[in-house]
Amino acid sequence: MTGTVDSDTEAKPQATTQREDSRKHLVTRQASIFAVLRSLQKHRSPLTIVFQGHNKQSFTSIVLKVDLEDGYFILDEIAPPSGHKRALEGGVFSIQANDKGVQVAFGNNTVVGAGHNEGAAIYKVAMPKQLLYKQRRDAYRAHIAIADQEDIKLTSYKRQKPLVGKIIDISSTGCKVEFPYLVEPAFEDMEVFDELSFDLPEAEFDTSVLCAAEARRAVYFEDKKTTQCGFQFLNPDGRNQREIDRFVAYLQREARRKGLE
């Protein structure tokens with residue numbers, strides 16, 4: 001490679017790109033897409049709609065209904081009114097929204113049916129085949145090497161048996177877990193687990209963590225028969241929060257020592 005840019009300067013944009021890419025997740029499983037759209041409906045999250053060929057103007061709406069079985073969702077009346085006309089004319093549009101701090105985006109949408117609800121226009125749109133779910137991370141998140149990954153058990157009294165997997169990264173507020181199987185039934189949106197528990201490395205801590213947790217986003221890898229899901233810790237007591245923070249700080253120090261950060 002030619003040029004006068006030194007290796008340190010080259011590495012920084014690449015590292016930044018890798019960090020940004022790690023925060024973007026393409027969701028393709030219909031059950032997961034349903035959960036995201038259902039969350040947008042539940043929270044009445046504003047949608048930003050942009051039609052192809054008209055990028056300088058945006059429109060707004062909300063999700064009124066999501067039907068997983070028949071594969072569609074219902075949009076409320078698009079505003080301002082010129083968006084209504086474009087939708088009925090078959091205009092292709094993209095949708096962006098914010099789901100509890102997570103950016104959601106999907107494109108190539110068209111209206112496949114229209115009607116009225118209490119005098120306002122509504123639109124039927126086919127569920128997307130995929131969507132981008134991009135999470136902003138405020139807390140430092142420590143990656144855990146395969147050899148050091150800790151077993152974790154999640155128990156919900158609504159499920160027949162606990163889920164057991166490996167922690168692949170962790171922050172002071174939550175963790176990501178990989179399960180060596182496709183989790184069934186699929187995680188519900190913001191499903192609460194009564195107990196999340198894992199042991200900390202015996203040589204350094206000789207203790208464990210126990211608290212409730214909430215499932216935030218699941219990705220199902222059909223080809224690998226694995227599932228990854230993020231969890232938010234729910235109100236850990238003082239001792240458990242201190243142990244979590246100590247573990248994250250320990251992982252951060254180890255990453256610096258090994259030159260991985």
Spacing of [atom1] belonging to [X] relative to [atom2] belonging to [Y], to within rounding of 0.5 Å:
X      : Y      : atom1 : atom2 : value
Leu132 : Ser94  : CG    : OG    : 12.0 Å
Leu37  : Gln30  : CG    : CD    : 9.0 Å
Ser82  : His54  : OG    : NE2   : 9.5 Å
Ile78  : Thr60  : CD1   : OG1   : 9.0 Å
Ile49  : Leu75  : CD1   : CG    : 5.0 Å
Arg141 : Ile168 : CZ    : CD1   : 9.5 Å

- By salt bridge (Lys or Arg N to Asp or Glu O under 4.0 Å), which residues pair with Arg86, not counting sequence neighbours?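 Not a single residue meets the salt bridge (Lys or Arg N to Asp or Glu O under 4.0 Å) criterion with Arg86.
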- Would the number of heavy atoms belonging to other residues, nucleotides or ligands and lying under 6.0 Å from CG of Asp237 be above 12?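 Yes, the 6.0 Å shell around CG holds more than 12 heavy atoms from other groups.
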Tell me, do [X] and [Y] make a side-chain contact under 4.5 Å, heavy atoms counted?
X      : Y      : value
Leu196 : Cys175 : yes
Ile33  : Pro128 : yes
Asn109 : Val92  : no
Phe247 : Ile144 : yes
Phe73  : Asp67  : no
Phe106 : Leu26  : no

- Message: If we check side-chain contact (heavy atoms from CB on, under 4.5 Å) with Asn117, which of these qualifies: Ile122, Asp76, Ile74?
- Response: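 Answer after filtering Ile122, Asp76, Ile74: Ile122.
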- Option from Ile170, Leu210, Val177 for which side-chain contact (heavy atoms from CB on, under 4.5 Å) with Phe198 holds: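 Only match with Phe198 under side-chain contact (heavy atoms from CB on, under 4.5 Å): Ile170.
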May I ask you to decide whether [X] forms a salt bridge with [Y], counting only side-chain N to carboxylate O separations under 4.0 Å?
X      : Y      : result
Arg216 : Glu214 : yes
Arg159 : Glu188 : no
Lys158 : Glu191 : no

- Task: Taking atom types as modelled, find out whether Gln241 and Asp245 have a side-chain donor-acceptor pair closer than 3.5 angstrom.
- Result: yes
- Item | Any donor-acceptor N or O pair under 3.5 Å, side chains Arg217, Ser32 | no
- Task: Would you check, one step at a time, whether the test side chain to side chain contact (heavy atoms under 4.5 Å, CB included) holds for Ser172 with Phe233?
- Result: CA-CA 8 Å; Ser172 63; Phe233 303 132; over 6 Å; no
- Task: Please assess Val125 against Thr110 for the test side chain to side chain contact (heavy atoms under 4.5 Å, CB included), listing each intermediate value before the final yes or no.
- Result: CA-CA 6 Å; Val125 183; Thr110 56; over 6 Å; no
- Item | Ala218 to Phe187 - nearest heavy-atom pair and separation |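 Smallest interatomic distance, heavy atoms only, reads CB-CD1, 3.6 Å.
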- Task: For Ile62 and Pro46, work out which heavy atoms get closest and say how close.
- Result: CG2-CA, 4.3 Å
Is it true that [X] and [Y] have ring centroids separated by less than 6.0 Å?
X      : Y      : answer
Tyr123 : Tyr72  : no
Phe205 : Tyr250 : yes
Phe59  : Phe93  : no

- Show the numbers, then the answer: is there a side chain to side chain contact (heavy atoms under 4.5 Å, CB included) between Lys129 and Thr28? CA-CA 6 Å; Lys129 300 297 183 184; Thr28 58; over 6 Å; no
- Take Phe34 and Met127 through the side chain to side chain contact (heavy atoms under 4.5 Å, CB included) test and state the conclusion after the steps. CA-CA 8 Å; Phe34 167 80; Met127 281 181 60; 4.0 Å; yes
- Verify the cluster assignment for Val219 and Val183: are they in a single hydrophobic cluster under the rule of side-chain heavy atoms below 4.5 Å apart? no
